[in-house]
Amino acid sequence: MSRIVLNDITTLFAPRGKGARSKRVADRALAMADAGETREAIFTATGATLALRNVSLAIAPGQITAIMGLSGSGKSTLIRHLNRLISPSRGQVLWDGADILSFSEKQLQDWRRHHVSMVFQGFGLLPHRNVLDNVAFGCRLRGDKPADCLSAARHWLDRVGLASHAQSYPDELSGGMRQRVGLARALAVDTEVLLMDEAFSALDPLIRHELQDQLLELQASLNKTIVLVTHDVDEALRLGQEIVLLRDGEIVQHGAPAELVQHPVDDYTRRFVQQRQVVVTG
């Protein structure tokens, strides 16, 4: 099972530009970040947005890690570094010691198809394909045999309770059902790592709770490495075996749910977890 490590990740989104001027802006922004300047000061001086600053993190294999924080804290940027949808300005993203930032486009494409899948907040379903074809899409894109793709798709549709909707189209489904299709599609490719970016946040509370239950039930038998981004404290404490709390692009605290609740490192963490509505034990 792969071990994922982020080493000293800093990410800046600089204003669009070309050549030497763009590099000068990025270099100045990085120097200001290293000097401890605030996001606001960096943006005012350079026009660059500091998304993450000096983030180092090891993702525990075989369990659910929740990346938690307010909007703008850097959660979605961080999770997109794990499959290199976004590349950082500096640092390493290591999978079993191999830095994926050094991969060629062909290496990266092949690695993504076999090692990591993702569930998006906006479902990301193909409207012109039925549910069965949507779930089979990742396998087909990878080049698996069509019969194997359909077999895997049917299996996972059954596991998420949507076998009877195989021939339906996305616009015929509720939001919760569409998110189940997205989850089934990610599981059908059978990768060792599953990334979930605010996957349940657009759903009504009751449906969100049901999908959380389903994820926990599936994980009990799958033991995948799951990285879940959420701004919902209850969701993070309920699902996460490890929690990473971000603020302004930096890790405030990283540990087990009970540790954050019972031993917050500062007032920010204390106020954040006081929003919880669930009981955490352990």
Side-chain angles (χ1 to χ4, degrees), residues 4-6 8-11 36 38-40 49-82 118-121 176 179 183 193-220 223-282:
I4 308 169
V5 177
L6 301 179
D8 196 27
I9 293 292
T10 295
T11 304
T38 65
R39 280 176 155 185
E40 292 75 14
T49 299
L50 178 64
L52 295 171
R53 183 185 345 224
N54 300 332
V55 170
S56 294
L57 175 67
I59 304 292
Q63 66 180 40
I64 300 176
T65 297
I67 310 295
M68 181 172 69
L70 300 175
S71 295
S73 61
K75 306 184 302 298
S76 291
T77 299
L78 190 154
I79 200 173
R80 281 165 168 75
H81 285 335
L82 300 182
M118 193 165 189
V119 182
F120 296 93
Q121 177 181 358
Q179 196 57 284
L183 180 58
V193 176
L194 176 62
L195 308 179
M196 305 183 73
D197 187 12
E198 299 275 13
F200 305 143
S201 64
L203 305 175
D204 293 334
L206 181 60
I207 297 173
R208 184 162 66 239
H209 198 274
E210 290 175 352
L211 280 176
Q212 291 169 3
D213 284 342
Q214 188 162 54
L215 180 63
L216 289 172
E217 180 183 342
L218 290 169
Q219 176 65 353
N223 295 313
K224 287 185 178 291
T225 301
I226 298 177
V227 183
L228 170 77
V229 160
T230 182
H231 64 271
D232 187 316
V233 179
D234 292 346
E235 183 167 87
L237 296 176
R238 185 164 188 255
L239 298 180
Q241 294 161 281
E242 293 277 329
I243 293 179
V244 180
L245 177 60
L246 292 178
R247 182 186 187 188
D248 294 337
E250 299 182 64
I251 295 178
V252 179
Q253 189 166 354
H254 174 209
E259 183 180 344
L260 270 73
V261 172
Q262 298 168 10
H263 306 289
V265 295
D266 58 16
D267 287 340
Y268 179 79
T269 304
R270 184 176 295 106
R271 291 195 304 270
F272 204 99
V273 299
Q274 278 175 352
Q275 303 173 56
R276 73 191 188 283
Q277 299 173 0
V278 295
V279 177
V280 180
T281 61

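Please read these numbers as outputs of a predicted model, since none were measured by experiment.
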K.L.:
Report the residues that fulfil side chain to side chain donor-acceptor pair (under 3.5 Å) with Thr38, sequence neighbours left out, ordered by chain and then residue number.
P.N.:
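Scan of Thr38 (side chain to side chain donor-acceptor pair (under 3.5 Å), adjacent residues dropped) gives none.
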K.L.:
Contact between His231 and Ser71 at the side-chain level, heavy atoms closer than 4.5 Å - yes or no?
P.N.:
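His231 does not reach Ser71 side chain to side chain.
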K.L.:
Evaluate Val193 against Leu82 for side-chain contact (heavy atoms from CB on, under 4.5 Å), listing each step before the verdict.
P.N.:
CA-CA 10 Å; Val193 176; Leu82 300 182; over 6 Å; no
K.L.:
Is any side-chain heavy atom of Met68 less than 4.5 Å from a side-chain heavy atom of Phe272?
P.N.:
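Side chain of Met68 against side chain of Phe272, heavy atoms only: contact under 4.5 Å found.
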K.L.:
Locate the shortest heavy-atom distance separating Gly240 from Ala66; write the atom from each residue and the value.
P.N.:
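That would be CA-CB, 4.2 Å.
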K.L.:
Show the numbers, then the answer: is there a side-chain contact (heavy atoms from CB on, under 4.5 Å) between Leu239 and Gln219?
P.N.:
CA-CA 10 Å; Leu239 298 180; Gln219 176 65 353; over 6 Å; no
K.L.:
Working to the nearest 0.5 Å, report the span between CZ of Arg247 and CG of Asp266.
P.N.:
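So the CZ of Arg247 and the CG of Asp266 are separated by 7.5 Å.
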K.L.:
In Å and rounded to the nearest 0.5 Å, what is the CZ to OG1 distance from Phe200 to Thr230?
P.N.:
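Interatomic distance, Phe200 CZ to Thr230 OG1, rounded to 0.5 Å: 9.5 Å.
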K.L.:
Does some side-chain heavy atom of Ile79 sit less than 4.5 Å from a side-chain heavy atom of Ile67?
P.N.:
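No - every pair of side-chain heavy atoms lies 4.5 Å or more apart.
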K.L.:
Is Tyr268 close to Leu245 at the side-chain level, that is, under 4.5 Å between some pair of heavy atoms?
P.N.:
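The answer is yes; the side chains approach within 4.5 Å.
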K.L.:
In Å, rounded to the nearest 0.5 Å, how long is the span from CD1 of Ile9 to CZ of Arg53?
P.N.:
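Here the rounded value is 15.0 Å.
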K.L.:
Between side-chain atoms of residues 211-218 and protein atoms elsewhere (two or more places apart, or another chain), which donor-acceptor pairs fall under 3.5 Å?
P.N.:
from   : atom 1 : to     : atom 2 : distance (Å)
Gln212 : OE1    : Arg238 : NH1    : 2.9
Gln212 : NE2    : Glu235 : OE2    : 2.8
Asp213 : OD1    : Arg238 : NH1    : 3.3
Asp213 : OD1    : Arg238 : NH2    : 2.2
Gln214 : OE1    : Arg180 : NE     : 3.1
Gln214 : NE2    : Val160 : O      : 3.4

K.L.:
What's the separation between atom CE in Met196 and atom CD1 in Ile226, rounded to the nearest 0.5 Å?
P.N.:
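Atom-to-atom, Met196:CE and Ile226:CD1 are 6.5 Å apart.
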K.L.:
Do Gln179 and Ile207 come within less than 4.5 Å of each other through their side chains, counting heavy atoms only?
P.N.:
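They are not in side-chain contact.
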K.L.:
Any chance you could measure Ile59, atom CD1, to Thr65, atom OG1, to the nearest 0.5 Å?
P.N.:
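If we round to the nearest 0.5 Å, Ile59:CD1 and Thr65:OG1 are 5.0 Å apart.
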K.L.:
Distance check, rounded to the nearest 0.5 Å: His263 atom NE2 versus Thr269 atom OG1?
P.N.:
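Those atoms lie 13.0 Å apart.
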K.L.:
Using the rule given for side-chain contact (heavy atoms from CB on, under 4.5 Å), can you reason through Val55 versus His81, listing the C-alpha separation, both sets of side-chain angles and the distance that settles it, and then say yes or no?
P.N.:
CA-CA 11 Å; Val55 170; His81 285 335; over 6 Å; no
K.L.:
Taking the side chain as everything from C-beta on, heavy atoms only, tell me whether Leu78 gets closer than 4.5 Å to Val227.
P.N.:
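They are not in side-chain contact.
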K.L.:
Yes or no on side-chain contact (heavy atoms from CB on, under 4.5 Å) for Ile251 and Leu246, after CA distance, side-chain angles and deciding distance?
P.N.:
CA-CA 5 Å; Ile251 295 178; Leu246 292 178; 3.6 Å; yes
K.L.:
When you compare the side chains of Asn54 and Thr10, does any donor N or O come within less than 3.5 Å of an acceptor on the partner?
P.N.:
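Distance-only check passes for Asn54 and Thr10.
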K.L.:
Answer yes or no: is there a donor N or O on one side and an acceptor on the other, between the side chain of Glu198 and the main chain of Ser76, under 3.5 Å?
P.N.:
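Not confirmed, Glu198 side chain does not pair with Ser76 backbone.
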K.L.:
Counting N and O atoms only, with roles assigned by atom type, does the side chain of Arg39 sit under 3.5 Å from a partner on the main chain of Leu50, one being a donor and the other an acceptor?
P.N.:
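The answer is yes, because a donor-acceptor pair under 3.5 Å joins these two groups.
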K.L.:
To check you understand the geometry: which heavy-atom pair defines the closest contact between Asn223 and Ala220, and what is its length?
P.N.:
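Looks like OD1-O, 4.0 Å.
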K.L.:
So which atom in Leu52 and which in Gly74 form the shortest heavy-atom distance, rounded to 0.1 Å?
P.N.:
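So the minimum-distance heavy-atom pair works out to CD2-O, 3.7 Å.
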K.L.:
Which atom names give the shortest non-hydrogen contact between Leu260 and Val273, and what distance separates them?
P.N.:
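Shortest heavy-atom contact: O-CG2, 3.9 Å.
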K.L.:
Mark yes or no for whether Gln241, through its side chain, and Gln63, through its backbone, hold a donor-acceptor pair below 3.5 Å.
P.N.:
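Looks like no, no N/O pair under 3.5 Å.
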